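Comments concern the structure below.
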Amino acid sequence: MSDPIRNRLSAVRRDFHCHPEPAWREFYTTHRLVEELERIGVDELAIGSDAYDPADRMAVPGEDRLEDWRERAREWGADEDLLECMAGGNTGAVAVLDRGEGPSIGLRVDIDGLFIEEADDVDHLPAAEGFRSKIDGAMHACGHDAHMTWGLAALEAIKDSDFSGRLVVFFQPAEEVSGGGCPMAKSRFADDLDYLLAIHVGLDHPTGEVIAGIEKPLAMCHLDVHIEGESAHAGKAPEEGANAMHAMGTAIENIYAIPRHSDGMTRVNVGYAEAGSASNVIAEKARMEAEARGETTELMEYVESRFERVVRSAAKLHDCEAEVDVVSRSPRADSDPELAAVVAEVARGVEGIDRVVERADFGASEDATFLMERVQDEGGLATYLIVGTDHPDSHHTPHFDVDERSLEHGAAVLVETIRALEDGEATEPQSSAATGGTR
């Protein structure tokens with residue numbers, strides 16, 4: 001671990017890939033990040049509840065769903081004091097370099113994996129070369145292993161340079177459930193940032209391509225629904241029950257009938273539903289997990305409010321009661337064209353990058369928008385960039401992988417962008433003609 005990260009990008013990424021941990025369970029992942037950060041040497045390192053207020057977290061699982069993951073991290077050699085610091089699932093870290101006068105720059109990378117079983121066939125490179133997930137039912141299927149590697153590599157390179165200013169790197173947990181962006185955005189580490197960079201790998205952009213700033217990320221919210229009815233004998237006295245399953249079915253049908261909105265695109269989906277116990281029992285309980293999205297935060301809130309109305313009305317129709325919980329949410333925030341222009345100019349000079357697009361529609365959702373919004377609201381600039389990678393299958397699938405050539409591309413773009421910002425290259429807003437559009 002004494003070699004510079006820039007000389008072992010692939011090894012670092014593969015180590016993270018072997019140890020995927022889903023939202024608020026990133027115990028070993030945080031341990032490995034801390035090991036690398038302590039080796040690099042930073043001016044401030046905050047872990048877990050020292051990095052954010054735990055009360056600001058969203059979509060946090062119960063303690064009973066955390067303990068197995070913490071014990072596994074312990075078995076893999078995670079530091080005991082660090083595990084204690086992360087009690088309750090307070091994972092993740094923030095690292096700060098304070099190098100005197102100059103801009104204050106934030107970099108956000110996410111660290112969680114997904115509940116997906118990784119492919120084990122010989123055509124899947126991680127399986128063929130021995131770095132497939134060590135955890136059944138979990139994998140890095142979205143490239144966060146690459147993101148962490150970029151964050152560490154950029155931090156190390158800036159530390160070893162003559163950089164003047166302040167660099168704050170957010171190693172954010174729980175992106176996949178939109179749970180970790182809010183607490184980090186509310187933390188003191190997001191105070192007074194002049195610039196924020198967020199980064200993602202791939203997203204159907206090939207190796208050698210860079211998108212300097214995304215636009216139109218969808219605002220979204222995760223929704224949990226619990227419907228309470230009353231059981232009864234389905235043959236002898238069905239009229240004595242209140243059928244929670246029937247109420248859920250009515251709700252699902254009407255959820256998909258929520259009117260679209262003239263102000264822009266909306267989305268709604270019920271992704272999980274369960275109810276009942278036996279064929280001869282009127283279902284007493286039902287549960288759903290769903291999401292609502294919108295082209296703007298206001299459109300997402302429109303779908304969310306209609307969703308709640310539909311569920312409660314369906315429950316009432318069948319003499320049941322319903323609770324709708326907003327588990328997590330994230331707003332829309334667009335990249336600033338002035339900052340995207342700096343990223344684009346830098347990327348054009350990075351070896352191996354042959355196509356640069358200044359701005360492109362995103363079409364998905366991301367809780368990095370909390371940090372982007374915080375910085376923009378306080379007068380700073382933010383951009384969310386994409387570094388392309390060839391991958392054999394889409395994100396969130398068992399065969400997802402990254403072309404490791406993109407590791408060097410992403411690290412170089414981040415480091416050179418930070419140095420360009422140090423030189424004040426984004427201080428003057430660009431005209432719409434120069435950037436190809438407006439915010």
Side-chain angles (χ1 to χ4, degrees), residues 22-25 57-62 65 112-116 137 141-142 174-182 216-229 242-261 263-277 283-332 362-370 394-397:
W24 303 122
R25 302 164 177 86
R57 297 180 300 163
M58 294 185 284
V60 182
R65 297 166 65 188
D112 53 326
L114 285 154
F115 285 109
I116 295 176
C142 200
E175 182 277 329
E176 295 291 356
V177 296
S178 299
C182 177
K216 297 183 180 178
L218 300 180
M220 67 90 63
C221 64
H222 292 284
L223 301 147
D224 273 4
V225 175
H226 296 268
I227 298 175
E228 294 279 347
N243 196 324
M245 186 182 296
H246 198 177
M248 181 175 71
T250 301
I252 291 173
E253 183 176 5
N254 290 329
I255 284 166
Y256 285 106
I258 292 173
R260 300 302 173 251
H261 201 290
D263 284 350
M265 181 181 64
T266 59
R267 296 281 190 269
V268 66
N269 186 60
V270 178
Y272 175 84
E274 65 174 358
S277 57
E284 181 181 17
K285 297 179 185 294
R287 179 173 174 265
M288 297 186 291
E289 295 179 5
E291 65 173 30
R293 302 184 193 235
E295 190 173 334
T296 65
T297 303
E298 292 75 19
L299 284 168
M300 178 271 289
E301 291 170 344
Y302 157 78
V303 181
E304 178 192 324
S305 65
R306 288 297 184 102
F307 181 100
E308 292 194 33
R309 184 192 306 175
V310 163
V311 170
R312 296 187 193 283
S313 296
K316 184 176 181 180
L317 178 65
H318 295 281
D319 296 323
C320 298
E321 294 183 357
E323 289 186 6
V324 180
D325 296 320
V326 179
V327 177
S328 62
R329 65 172 72 219
S330 57
R332 171 175 167 173
F362 192 52
S365 302
E366 244 283 6
D367 72 346
T369 53
F370 279 109
S394 298
H395 292 254
H396 294 210
T397 64

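Note that this is a predicted model, so its numbers are computed, not measured.
Closest approach of A314 and A247 over heavy atoms only: CB-O, 3.6 Å. Residues A292 and M300 come closest through the heavy atom pair O-CG, 3.7 Å. Heavy atoms only, all atoms of each residue included: S330 and S178 are closest at OG-OG, 4.0 Å. Closest approach of A275 to M245, counting heavy atoms only: O-CE, 3.4 Å. F370 and C182 get closest at one heavy-atom pair: CD1-N, 3.6 Å. When every heavy atom of R312 is checked against every heavy atom of A322, the shortest pair comes out as NH1-O, 3.0 Å.
The distance from the CZ atom of R287 to the CD1 atom of I227 is 12.0 Å, given to the nearest 0.5 Å. Within the model, atoms CE of M220 and CD of E366 stand 10.5 Å from one another, a figure rounded to the nearest 0.5 Å. Residue H226 holds its NE2 atom at 10.0 Å from CE of M288, rounded to the nearest 0.5 Å.
T266 places no side-chain N or O within 3.5 Å of a backbone atom of G294 that could act as its donor or acceptor partner. Without hydrogens or angle criteria, W24 side chain to G62 main chain gives no donor-acceptor distance under 3.5 Å. Side chain of D112 to backbone of E176: a donor-acceptor contact under 3.5 angstrom is found. With hydrogens and angles ignored, the 3.5 Å screen pairs no side-chain donor or acceptor of R57 with any backbone N or O of G179.
By the side-chain contact (heavy atoms from CB on, under 4.5 Å) test, K216 is found to be paired with E295, R332, D361, residues two or more places apart in sequence or in another chain being considered. Listed by chain and residue number, K285 satisfy the side-chain contact (heavy atoms from CB on, under 4.5 Å) test with E228 (two or more places apart in sequence, or in another chain). Under the side-chain contact (heavy atoms from CB on, under 4.5 Å) criterion, R306 pairs with I258, P259, Y302, R309, not counting sequence neighbours. Here V327 pairs with A59, H222, D224 under the side-chain contact (heavy atoms from CB on, under 4.5 Å) rule; sequence neighbours left out. Not counting sequence neighbours, R25 has no partner by the salt bridge (Lys or Arg N to Asp or Glu O under 4.0 Å) test.
For the pair M248/V225, no side-chain contact is recorded, criterion being any heavy-atom separation below 4.5 Å from C-beta on. Counting only heavy atoms from C-beta outward, the side chains of I116 and H396 approach each other to under 4.5 Å.
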Hey, mind stepping through R329 and T297 against side chain to side chain contact (heavy atoms under 4.5 Å, CB included) and telling me if it holds?
CA-CA 10 Å; R329 65 172 72 219; T297 303; over 6 Å; no

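The side-chain hydrogen bond (donor to acceptor under 3.5 Å, both in side chains) analysis of residues 244-261, with sequence neighbours excluded, yields the pairs T250-H318, Y256-N269.
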